[in-house]
Engineer: 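Here you go, one structure.
In what follows, chains are A, B, ... by sequence order, proteins preceding strands, each numbered from 1. This structure is a prediction, so every number in the text was calculated from the model and none was measured.
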Amino acid sequence: MHALIIAWHTLLAFFPPDLSPSYLRYVWLPVTQTVGMASAGMVVALCLGIPLAIYVGTRAPGWQGIVGMLSALRAIPDLTLAILAVVVVGLGPAAGMAALAVFYTAMVGKVFAELFLAAPQAPLESLRATGAPRLAVALFGLIPLTLADLLTFGSYSFECAMRASVIVGAVGGGGIGTELVGAVNGLDYPRATTLIVILALLVTSVDTLGWFMRKHPRIALVLFPMGVATMLLNPPQVFVLRHALATFAGMFPPLLSTKALAALPALLWETLEIAVGGTALALLLAIPLALGAARNVVHTAITAVVRRVLDVSRAVPEIVWGLILVVMAGIGPLAGALALGIHSAGVLGKLFAEAFENVDTAPVRALEATGAGRLPIVAFGIFPLAIGPIAVHTMFRLEWNVRAATVVGMIGAGGIGEALYNAQQHMHYQQMMAYIAATWLLVILADVAGERVRRRLGWNYVAT
Amino acid sequence: MLSVVDLTVRYTNQAAPALQGICLNVAGGERVAVVGPSGGGKTTLFRAVNGSVPVQGGYVALEGERVGEARGVELRALRRRIAVIAQMHDLVDRLDVYQNVMAGALGRWSSLHALRFLLRPSGAELVEARTALERVGIPEKLRSRTSDLSGGQRQRVAIARALVQRPAVLLADEPVASLDPARSEQILALLCDLARERGLALICSLHQPELALRYFDRIVGLRHGRMVFDRPVAKIEPEHLVFAS
């Protein structure tokens with residue numbers, strides 16, 4: 001009870017937001033940095049990822065090795081990469097850009113490569129038969145054959161990069177994320193609220209922008225000048241290549257003290273608890289919210305309100321919920337699980353609502369014809385009919401949350417991320433590298449386990 | 001029992017009315033077959049009788065109460081007395097058979113009762129479900145998964161659900177459309193027996209005129225949304241049935 005009262009008073013301290021003109025003028029720079037970092041990350045990712053994907057797609061010698069490398073790289077969470085980048089290139093937007101560039105090169109490279117490999121082979125064979133070199137086969141065959149999918153995925157990954165650009169700032173990668181952590185640590189909660197509102201607006205407007213990009217792909221060309229300008233304006237502050245390489249080399253071999261090694265299993269277990277607890281909480285919240293957001297269950301006046309609630313909880317990333325909750329619920333895994341739970345409730349709530357709205361109408365109509373009321377129709381029809389997609393989405397979210405649980409710790413919300421961040425702060429780089437390796441293994445294991453379960457149950461992912 | 005008077009239904013996106021000037025009276029225990037080409041208005045007629053589509057002219061009345069004017073609770077009370085058996089696609093696959101059967105009782109149960117039943121069905125409710133399944137000939141399927149049933153068994157479960165509803169009118173929309181001839185006859189015989197023994201007004205749409213002649217008292221022909229004929233089986237001439245097949 002006492003803890004709840006403290007939490008309530010802490011929450012009140014976040015209001016009203018600081019909307020003074022001087023502060024709004026001040027945050028303009030970090031906001032442009034965040035947008036620029038996402039653009040720069042994508043520019044690099046496209047310039048490096050597409051050639052790699054073409055190399056794989058034309059099945060050039062050693063292409064399997066490149067696929068393996070890209071998959072391995074992709075298993076390192078973006079925030080973990082940002083921690084590493086801060087050490088190598090120093091605090092600020094340069095570190096954020098470096099982390100985003102590596103992460104999205106792996107993502108774009110891997111997914112584009114998969115699209116290329118799945119392209120129809122007959123037209124490519126006939127191109128090769130003319131004696132065309134690889135690049136020509138790609139330009140005249142692979143890319144035109146898969147263009148629609150490339151554009152869809154490209155704009156989707158820009159949306160993801162935008163969200164990631166906010167959160168890499170939280171560990172010193174520059175932009176609005178760094179401002180937010182500064183405001184929270186400085187107990188300047190009204191400004192933190194302002195930043196969270198800006199962030200939520202930014203993320204939602206990127207959703208709309210992504211939609212526009214899919215319709216008019218040419219808009220994406222704006223990325224290049226924006227990205228290049230951000231790179232020129234934000235070079236690493238003090239960057240000596242030899243020093244950076246020496247620092248990086250100093251992280252090897254990864255090493256844990258006996259004491260830290262003994263604590264590692266408990267740390268990994270705590271990370272899994274955060275992931276499972278967060279997913280369970282999300283499931284519990286998402287089902288009633290989704291019913292309130294499904295237009296075939298309740299009146300659209302209610303769905304409109306519930307959908308806004310879902311939008312807000314989804315627009316604020318786990319890390320940012322974590323920042324607020326650490327203030328309210330204290331440092332530790334509870335804050336981490338709550339943060340994952342609230343963000344995932346927004347994601348799952350939207351997906352479940354779609355599942356409810358897409359159920360087969362014939363059985364539902366048959367129930368209506370018996371004279372049943374709304375609630376029994378949900379219990380006997382709509383819910384059981386949607387249980388398949390609900391299970392698939394929850395499973396995918398659990399996988400995602402293992403990844404997220406490894407990083408929420410970096411802002412004090414428990415698990416391996418906290419240990420990783422502390423190691424970095426104390427410049428124990430060999431120890432830090434050991435934690436990164438453990439994180440990497442955990443994420444890969446979660447992906448493999450999820451893949452197995454899905455194959456065993458015969459679940460196919462319903463693309464969202 | 002059921003009277004349809006000068007009924008006209010027009011869908012907003014179509015120029016021609018789906019039903020125009022339909023008049024039909026069906027007494028308790030009477031068995032009426034509706035025949036006609038696809039798109040002739042059979043399904044629309046059923047949906048209008050059940051109050052599932054808005055009516056532009058005329059009305060449908062069950063024992064003097066008008067279906068079209070009822071809203072909310074009143075409409076639900078009327079629907080409870082008009083059971084619908086669609087083709088076999090209207091069961092919820094994820095539920096067990098007894099749950100689908102007892103869904104027929106949802107019109108008279110409170111929401112709380114319905115939720116309690118899903119979690120923990122009472123002995124009396126299971127007996128009611130079993131009795132209904134016995135009447136349709138598949139009592140052994142009480143606790144099976146609905147998705148494991150064959151087409152004929154699904155149709156029987158849908159009929160059992162209609163029995164649990166304790167209706168006054170039974171509407172069956174193409175109940176044998178996807179069944180082989182032997183099963184079709186079994187299902188029609190079952191529906192007709194039920195209408196007789198419980199005094200239900202049975203209205204059934206069919207593609208096969210020869211089945212309509214064998215099992216029903218009256219045949220109604222629908223084409224382009226209009227009633228072409230409405231005659232007792234004894235007065236049906238071969239030319240009446242030519243257009244139906």
Engineer: Looking at CG of B:L112 and CG of A:L375, how far apart are the two atoms once the value is rounded to the nearest 0.5 Å?
Structural biologist: 8.0 Å

Engineer: Just how far is it from atom CG of B:L75 to atom CD of A:E368, taken to the nearest 0.5 Å?
Structural biologist: 9.5 Å

Engineer: A quick test of your reading: do over 12 heavy atoms of other residues, nucleotides or ligands sit less than 6.0 Å from OH of B:Y11?
Structural biologist: yes

Engineer: Only pairs of heavy atoms separated by less than 4.5 Å count here; which of A:G381, A:A366, A:P376 has the most with chain B?
Structural biologist: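 The option with the most such pairs is A:P376.
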
Engineer: Decide if atom CZ of B:R135 counts as having more than 12 heavy atoms of other residues, nucleotides or ligands within a radius under 6.0 Å.
Structural biologist: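 More than 12 heavy atoms, drawn from other residues, nucleotides or ligands, come within 6.0 Å of this atom.
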
Engineer: On the 0 to 90° scale, with breaks at 30° and 60°, tag the B:W109-A:F380 ring pair as parallel, tilted or perpendicular.
Structural biologist: tilted

Engineer: By number, which residues in residues 93-104 of chain B have some heavy atom less than 4.5 Å away from chain A?
Structural biologist: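 When heavy atoms of chain A are the reference, residues 93-104 of chain B contributes B:R94, B:L95, B:Q99, B:A103, B:G104 within the under-4.5 Å range.
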
Engineer: B:R81 versus chain A, heavy atoms under 4.5 Å apart: side chain, backbone, both or neither?
Structural biologist: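 Contact with chain A involves no heavy atom of B:R81 at all.
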
Engineer: Quick check on B:R108 against chain A: is it the side chain, the backbone, both or neither that has a heavy atom closer than 4.5 Å?
Structural biologist: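 The answer is neither part of B:R108.
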
Engineer: Against chain A, label B:S52 side chain, backbone, both or neither, depending on which of its atoms sit under 4.5 Å from a heavy atom there.
Structural biologist: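 When you check distances to chain A, no heavy atom of B:S52 falls under 4.5 Å.
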
Engineer: If you take all heavy atoms of A:L367 and B:R161, which pair is closest and at what distance?
Structural biologist: CD2-NH1, 4.4 Å

Engineer: Taking salt bridge (charged side-chain N to carboxylate O under 4.0 Å, His left out) as the definition, give me every residue that meets it alongside B:R166, ordered by chain and number, with sequence neighbours left out.
Structural biologist: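 B:E128.
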
Engineer: Looking at every non-hydrogen atom in both residues, tell me the closest pair between B:L118 and A:A379 and how far apart they are.
Structural biologist: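 Scanning both residues completely, I find the closest heavy atoms to be CD1-O, 3.4 Å.
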
Engineer: Sort out for me which of A:V359, A:I387, A:V364 touches chain B most, counting heavy-atom pairs under 4.5 Å.
Structural biologist: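 Heavy-atom pairs under 4.5 Å are most numerous for A:I387.
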
Engineer: What part of B:I82 is in contact with chain A, defined as an atom under 4.5 angstrom from a non-hydrogen atom: side chain, backbone, both or neither?
Structural biologist: backbone

